[in-house]
K.L.:
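Structure provided below as structure tokens; questions to follow.
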Amino acid sequence: MSFDVSTLSARAIRDGIAARTFSAAEVVDATYARIDAVEGAVHAFNELTPELAREAAGRIDAMVAAGEPLPPLAGVPTGFKDNMNLVGTHTTCSSKILEGFKSPYDCTAVRRLLNAGALPIGKCNMDEFAFGSSTENSAFGPTHNPWDLERVPGGSSGGSAASVSAGMVAVSLGSDTGGSIRQPGALTGTVAMKPTYGRVSRYGVVAFASSLDQIGPFARSVEDAALVLNAISGHDDMDATSVREPVPDFTATLGDGVKGLRIGVVRDMLELEGCAAEVRSATEASVKLLEGLCAEVGDVDLPMSQHGLAAYYIIGPAEASSNLARFDGIRYGHRVAEPSDVLDLYMRSRAEGFGPESIRRIMLGTYALSAGYYDAYYGTAQKTRTLITREFEAAFERFDVLITPTSPTVAFKIGERAEDPLAMYLSDVYTIPLNLAGLPGVSIPCAKCGTSGLPIGVQVIGKHFDEATMLQVAAALEGALALDMTPPAFPLHRRSS
Amino acid sequence: MSISEADVRHVAILARLALSDEQVSRLKEEMNSILGHMDQMQSLDLEGVEPTSHSIPLRNATRPDVVKPGLSRDLALMNAPQAENGAFVIPRIVGVEEGA
Amino acid sequence: MARDRLPVVLERYEAVIGLEVHTELTTLNSKMFCGCPVEFGGEPNTRVCPVCLGLPGALPVPNEAAVEATVLAGLALNCEIAPFSQFHRKQYFYPDMPKDYQISQYDLPFCGLGHLDIEVDGDGAKQRVDLGAEPYATRIGVTRIHLEEDTGKMIHVGGVEGRIAGADHSLVDFNRAGTPLMELVSEPDIRTPEEARRFAQKLRLILLNLGVSDCSMEEGSMRVDGNISIRLRGETELGTKTEIKNMNSFKALHDALAFEIVRQADVLDEGGRIVQETRHWDVTAKRTSTLRSKEQAHDYRYFPEPDMVPFEFTPEWIDAIRVRLPELPDARRERFVRDFGLSPSDARSLSEDVEFSAYFEEAVALAGNSLAKPLANWALGDLSAYLNAGPVALADAKVTPAMLAELVEIIDDGTISGKQAKQVFAEMAESGDAPGAIIELKGMKQVSDTDAIEAAVDRVIAANPDEVASYRAGKTTLIGWFVGQVMREMRGQGNPALVNETLVRKLG
Ligand SMILES: [Zn+2]
């Protein structure tokens, strides 16, 4: 049976296996064949795990043979960001300091996805410790955008985004602290979502900023993203910040349309200086489309959210500086040769192991928390966070979902912003406020840039724990847009049968 | 607030990072530039505003006092740069003795 | 000796002392933030998991029983329970701390202001020269009680006596890492080393009664640090303080503070200045020495623990914990005096230990309040001696409360003598047989039958004419010898009071 795994949806793969059109083992073979063809140019993976994938496929095929019902993601090729622990694989966080590290335990979200039948294909490249918006800050080299190999895929979950965009896996998991799922989603033309803070357990994902981090899916359709969200959501005893909210079937309401839904366009964000004209017009066009689908559209301003970037670049580094203290060369990770004493071991192991952006964030965070500066920086940022949260609450009194661009620009050239941290930080201006307020957001492709042909994403923002309505709007827009988001560099392999 | 090279060196010791002179001077510039940008928050009226450490109203999250299986010693030590007699090995400690 | 000079120094100087007491919650099943068991010792790194090893991605989840135990301790010490509290991270690098920060509490601890009343008597009371050496009671403020996690342990290899100095390298064991650790900070209300010792001793008793810890200073499950400064009597300004660590027993606590008072006085008397620093008590050399000075003090960069959410205790929740407060030693002591007519001193000894007092009360319940006093004597006498000699844990003792009650009843009704009772007790402790059975088996019933006693007395008088003559000639001290002879004649079963009375009558 011939089939093109690079274009099939997760649902189609599962259904094809269930219908015995192809086997899970054949899916694995096709997946690694696709990876052989394109990974050399893209570099989405730090590690491939064919043995684990074949083992998992064997279990699925045995279920098929035994006539057992298949779990919802049975046989679906899946990538995992390389900051998520999975026994039998390395967890490097794309950092030299964790080179060679193998976790003796599993990340909850990864385990749940595998329990839902997903096949672990590999660990995806990322910005070191998720510090970045381009996946250039990887100790193992950058990931290339499948739409233009000279451009970045966004970040920090750039490998997860590129692996889905390039058809190497159907879905993947990323982590999002300030936009690290949604921004690469926009830059690679994939569906990328960050759930409500607390919806998905953070246990086993290497922490960047504990109060902001959240795991979420990349997929080539809203439905596939919803299927993944179904599998990974729900309370976990191992994470004190995971909630006990009921988990609905997020696919159930995808076809309900937007008629009567109140959609708020965040006007002042749209008009932000630095937002590219084509991004602005693509967002406006999406809003028009939703209006055409009988949504009630209105404008809203979120002036406090413009301070989100400032608050985020205090809170994020502060928490990160603390979370990264444990990489000290004692229990695991890089240890300098011939340390003269423990202090020397700490100082040189960490300086050697961490890359420049990690060092920058650790320094910023340590400074912001140090005696005498706490109130001016961390205290102020936490209060700003309160104002941003309140502002969203007020907006959600009037609207069911809010709409902004995902990224102010399309994918930029590798190296273009590498020397200017502030310019890089501005990539996440639309995504950061959601992390500060704990809100869910999904980026879906809404256009290809008229000049470059590169993907443009639009961000739909939901209320706390109302991912369902947010995905419903995203699905309606996706249906109306009917875009083909296959990167031109990877022409569609048409099914021959 | 302006950060001096001495500040950078002090913070580097707190963070346990052995930085070169070149790194120190570059970080001084970068930190001043980035934190200067962050100073825009100082313009906000934050009088009486409570800080938010988490965006969701979760409280009292605990677990029951139940023993769960942990790691075998082999797994505990599997990533250790150096181990001896079932323990992690560290070089000598110079300077102060501490304790919580 | 510094200790000998303490009284003289205290004539001129007043000490201001505050204590920090760390107590491991050893009675819990699992660690503070993970499911690893709380136990002492064991092979290195055999009670660890991703959380307490600080592996990448692992997250802490607080143990609810540890939170409850801390609030319970707060209620026992009359603390305000905070309506809003939170864990913070205290950050510093050290090899025994897996995450290189300690999860602790900072400005929002579970328990706020409270107090503990202590009593000081005996020689210790003399240290309060301002109070005239009389026994006294005083109230020591409790600033706060909070919860945190303990560190791992290090073994220093290649040095002297396992100390860091001179060691070649060290081994780190994380079995202890993450053990729930409750920290109490007292107000600087303590004025003498004796008050410090009484405070720590009483705190230990209370925590033992609450059942939250085994409070072993030897094994380190209770650790006391002190902050101490001195000032001339009459002075209201505080002097510069030092912090004293490594006081591993109540005696060490007392002696270290006494040494430090004298040391500080010497420095001041010589015109010097006290340096704010942490000092280490060397129990062998009996002196404190500099561990680190304030200049080396840390910038801990406390911030709210983002892996956890805050705590908000409702009044209902606090009341539900309050209901679990057991009777504490002070209240029990008062009740023993009031209900059983015991002396305050006996009542105190019986009321301190929760198991021992329960044992005593069970025996009293069986024998009746009227026999509480002899029961107290037996409990504090032979029973305690037997337990200490073993040593035997009360729970393992073969003498049950019912057996002790029966023994005291049998003595009370005159069936056996006190001397016989001691033999019966020894037999009970050995065999675990009931006293009735032992008396039966050994034929130890005390003879109070006057005819049998008179006959025995007559036989002894008849057999010992010389001694009878001496006695009658005025050597009345021989009466003891005669009692012994009669008791032997009666195989120890004669009622000694009746034997004595009969002898005196017949010899006289
Ligand atoms: Zn553990």
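Sequence lines set the chain letters: A, B, ... in the order given, protein chains first and strands last, and positions in each chain run from 1.
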K.L.:
Measuring heavy-atom distances to chain B, does A:His307 have an atom under 4.5 Å in its side chain, in its backbone, in both, or in neither?
P.N.:
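Its backbone and side chain both get close to chain B.
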K.L.:
Among A:Gly100, A:Ala311, A:Gly379, which residue forms the greatest number of heavy-atom pairs with chain B at distances under 4.5 Å?
P.N.:
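Winner by heavy-atom pair count: A:Ala311.
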K.L.:
Looking at A:Ala207, is its backbone amide N or carbonyl O close enough to the side chain of A:Asp213 to form a donor-acceptor pair, meaning the two atoms are under 3.5 Å apart?
P.N.:
no
K.L.:
If I measure from the heavy atoms of chain A, does B:Ser33 come under 4.5 Å with its side chain, its backbone, both, or neither?
P.N.:
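Its backbone and side chain both get close to chain A.
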K.L.:
So which heavy atom on B:Leu19 is nearest to which on B:Val8, and how close?
P.N.:
CD1-CG1, 4.5 Å
K.L.:
For the interface with chain B, which of A:Leu324, A:Leu212, A:Ile359, A:Thr389 has the highest count of heavy-atom pairs at distances below 4.5 Å?
P.N.:
A:Ile359
K.L.:
With under 30° as parallel and over 60° as perpendicular, where do the rings of A:Phe208 and A:Tyr312 fit, or are they tilted in between?
P.N.:
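Rings of A:Phe208 and A:Tyr312: perpendicular, over 60°.
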K.L.:
Counting only heavy atoms closer than 4.5 Å, note whether A:Ala368 contacts chain B via side chain, backbone, both or neither.
P.N.:
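For A:Ala368, neither part sits under 4.5 Å from chain B.
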K.L.:
Quick one: closest heavy-atom pair of A:Asp106 and A:Val87, and the distance?
P.N.:
OD1-N, 2.7 Å
K.L.:
Please rank A:Asn435, A:Leu422, A:Asp237, A:Leu387 by heavy-atom pairs under 4.5 Å with chain B and give me the top one.
P.N.:
A:Leu422
K.L.:
Applying the side chain to side chain contact (heavy atoms under 4.5 Å, CB included) test to A:Pro440, which of A:Gln214, A:Glu467, A:Lys194, A:Arg199 qualifies?
P.N.:
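Only match with A:Pro440 under side chain to side chain contact (heavy atoms under 4.5 Å, CB included): A:Glu467.
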K.L.:
Where on B:Ile56 is there a heavy atom nearer than 4.5 Å to chain A: the side chain, the backbone, both, or neither?
P.N.:
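Looking at B:Ile56, just its side chain touches chain A.
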K.L.:
By a 4.5 Å heavy-atom criterion (distance strictly below it), what part of A:Ile315 contacts chain B: side chain, backbone, both, or neither?
P.N.:
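Contact with chain B involves no heavy atom of A:Ile315 at all.
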K.L.:
Would you call A:Lys102 and A:Thr91 a side-chain contact if the rule is heavy atoms closer than 4.5 Å?
P.N.:
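Result no, sub-4.5 Å side-chain heavy-atom pair not found.
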K.L.:
Where on B:Leu44 is there a heavy atom nearer than 4.5 Å to chain A: the side chain, the backbone, both, or neither?
P.N.:
side chain
K.L.:
Just checking A:Phe101 against A:His90, ring centres under 6.0 Å apart?
P.N.:
no
K.L.:
Which of the residues A:Glu352, A:Met304, A:Lys383 is involved in the greatest number of heavy-atom pairs with chain B at under 4.5 angstrom?
P.N.:
A:Lys383
